[in-house]
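These figures come from a predicted structure and were not determined experimentally. Residues take their numbers from the sequence shown, with the count starting at 1.
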Amino acid sequence: LPTQGKTALCSSMAHLSLKKGVNANIVKVVPLSSAVNNAVSNYEKVFPKDPEVFSSVPINEASKSLKNMESSSGVTLAEGDSSISTEDQEKLVSETDAEVIVISDYVNGIECAEYAKGFGTNLKGVVINFLPRFAETDVRERLVPEFESLGVTVIGVIPEDWCLLSRSDE
């Protein structure tokens with residue numbers, strides 16, 4: 001889904017890995033029609049001193065590219081472009097046996113559960129992003145139990161907080 005926080009979460013995970021001395025790569029998987037070079041512009045802003053951390057690859061080359069990275073990297077994070085079809089996403093996950101974390105905003109809530117379930121046993125869980133300040137009770141008492149009743153684990157909730165939109169090296 002677009003504007004769900006995929007880039008921010010991948011950036012944060014890569015940053016934490018690098019900070020702990022673990023090599024990290026981020027691969028933005030884009031559709032064939034997309035300009036591969038423009039796909040990493042957001043990562044260039046986050047990692048201006050570490051351009052080797054990120055790259056992009058078209059969906060038709062993604063499986064091979066990710067398999068090649070698997071042996072050379074401590075952590076490889078693949079962010080699928082929102083315009084890639086669900087079928088192509090599921091095929092890529094199947095071919096690479098990748099572990100999947102789905103990011104959804106609070107507004108879309110339970111609607112993403114069916115999408116997430118499409119990844120089968122590769123799904124590790126869902127992160128609910130952009131949680132409004134006064135919605136914690138709703139998430140705890142309604143949304144998380146709904147996800148769990150569908151067999152989908154909620155592995156995290158990120159509050160809507162403008163301070164979280166910037167990364168700090170501190």
Side-chain angles (χ1 to χ4, degrees), residues 1-20 22 24-31 34 39-43 45-47 53-54 56 59 62 66 74-94 96-170:
L1 301 171
T3 64
Q4 301 300 306
K6 299 183 304 285
T7 301
L9 188 63
C10 282
S11 297
S12 296
M13 292 172 72
H15 177 72
L16 289 172
S17 296
L18 292 168
K19 199 171 178 178
K20 291 183 176 189
V22 177
N25 288 310
I26 300 173
V27 179
K28 175 81 175 199
V29 181
V30 297
S34 186
V40 295
S41 63
N42 287 334
Y43 288 113
K45 295 172 190 168
V46 176
F47 295 101
V53 170
F54 52 86
S56 62
I59 186 69
L66 290 169
V75 175
T76 300
L77 303 163
E79 176 193 345
D81 190 271
S82 300
S83 61
I84 295 174
S85 73
T86 301
E87 295 79 24
D88 283 344
Q89 292 174 31
E90 290 172 357
K91 180 180 175 191
L92 177 61
V93 167
S94 174
T96 60
D97 196 30
E99 295 179 336
V100 177
I101 298 172
V102 173
I103 319 275
S104 177
D105 66 12
Y106 171 74
V107 173
N108 288 321
I110 201 69
E111 294 173 18
C112 88
E114 286 303 316
Y115 165 76
K117 285 175 59 175
F119 295 107
T121 59
N122 294 80
L123 178 68
K124 296 305 162 200
V126 172
V127 172
I128 300 171
N129 200 7
F130 305 118
L131 178 69
R133 175 180 282 168
F134 301 107
E136 290 179 27
T137 302
D138 181 54
V139 168
R140 187 176 49 254
E141 294 179 1
R142 181 191 62 84
L143 200 55
V144 170
E146 282 185 45
F147 272 98
E148 290 173 348
S149 74
L150 295 170
V152 177
T153 302
V154 175
I155 58 175
V157 177
I158 302 172
E160 184 176 50
D161 185 338
W162 288 98
C163 293
L164 295 175
L165 295 177
S166 63
R167 182 182 74 90
S168 171
D169 288 331
E170 305 285 326

Give me the atom names and distance for the closest heavy-atom approach of [X] to [Y].
X: Phe147; Y: Gly109; answer: CZ-O, 3.3 Å
X: Glu79; Y: Cys10; answer: CB-SG, 4.0 Å
X: Ala14; Y: Leu77; answer: N-CD1, 3.7 Å
X: Ser82; Y: Lys6; answer: OG-NZ, 2.8 Å
X: Phe130; Y: Gly5; answer: CE1-N, 4.3 Å
X: Ala116; Y: Val152; answer: CB-CG1, 4.5 Å

Do [X] and [Y] have side-chain heavy atoms sitting under 4.5 Å apart?
X: Leu150; Y: Ile110; result: yes
X: Glu111; Y: Ser104; result: no
X: Val29; Y: Asp88; result: no

Nearest 0.5 Å please: distance from the [atom1] atom of [X] over to the [atom2] atom of [Y].
X: Asp97; Y: Thr121; atom1: CG; atom2: OG1; answer: 7.0 Å
X: Asn129; Y: Ile158; atom1: CG; atom2: CD1; answer: 4.5 Å
X: Glu148; Y: Leu143; atom1: CD; atom2: CG; answer: 10.0 Å
X: Ile128; Y: Cys112; atom1: CD1; atom2: SG; answer: 7.0 Å
X: Leu66; Y: Thr76; atom1: CG; atom2: OG1; answer: 7.0 Å
X: Asn108; Y: Ile103; atom1: CG; atom2: CD1; answer: 13.0 Å

- Message: Please enumerate all residues that pass side chain to side chain donor-acceptor pair (under 3.5 Å) together with Glu146, with sequence neighbours excluded.
- Response: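 Per chain and number, Glu146 pairs via side chain to side chain donor-acceptor pair (under 3.5 Å) with Arg142.
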
- Message: The criterion is side chain to side chain donor-acceptor pair (under 3.5 Å); which residues satisfy it with Gln89, sequence neighbours excluded?
- Response: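 Gln89: side chain to side chain donor-acceptor pair (under 3.5 Å) contacts with Tyr115.
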
- Task: Can you sort out the partners of Thr137 under side-chain contact (heavy atoms from CB on, under 4.5 Å), two or more places apart, ordered by chain and number?
- Result: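 Thr137 satisfies side-chain contact (heavy atoms from CB on, under 4.5 Å) with Arg140, Glu141 once adjacent residues are dropped.
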
- Please list, chain by chain and in numerical order, all residues satisfying side-chain contact (heavy atoms from CB on, under 4.5 Å) with Val93, sequence neighbours excluded.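 Val100, Phe119, Asn122.
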
- Any residue meeting salt bridge (charged side-chain N to carboxylate O under 4.0 Å, His left out) with Glu114, in chain and number order, not counting sequence neighbours: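 Applying salt bridge (charged side-chain N to carboxylate O under 4.0 Å, His left out) to Glu114 gives Lys117.
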
- Any salt bridge (Lys or Arg N to Asp or Glu O under 4.0 Å) involving residues 118-137? Give me the pairs, sequence neighbours left out, ordered by first then second residue.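 Passing the test, one end in residues 118-137: no pairs.
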
- Message: With a 3.5 Å distance limit and no angle check, can you tell me whether Ser12 reaches the backbone of Ala8 through a side-chain donor-acceptor pair?
- Response: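 Yes: the side chain of Ser12 pairs with the backbone of Ala8.
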
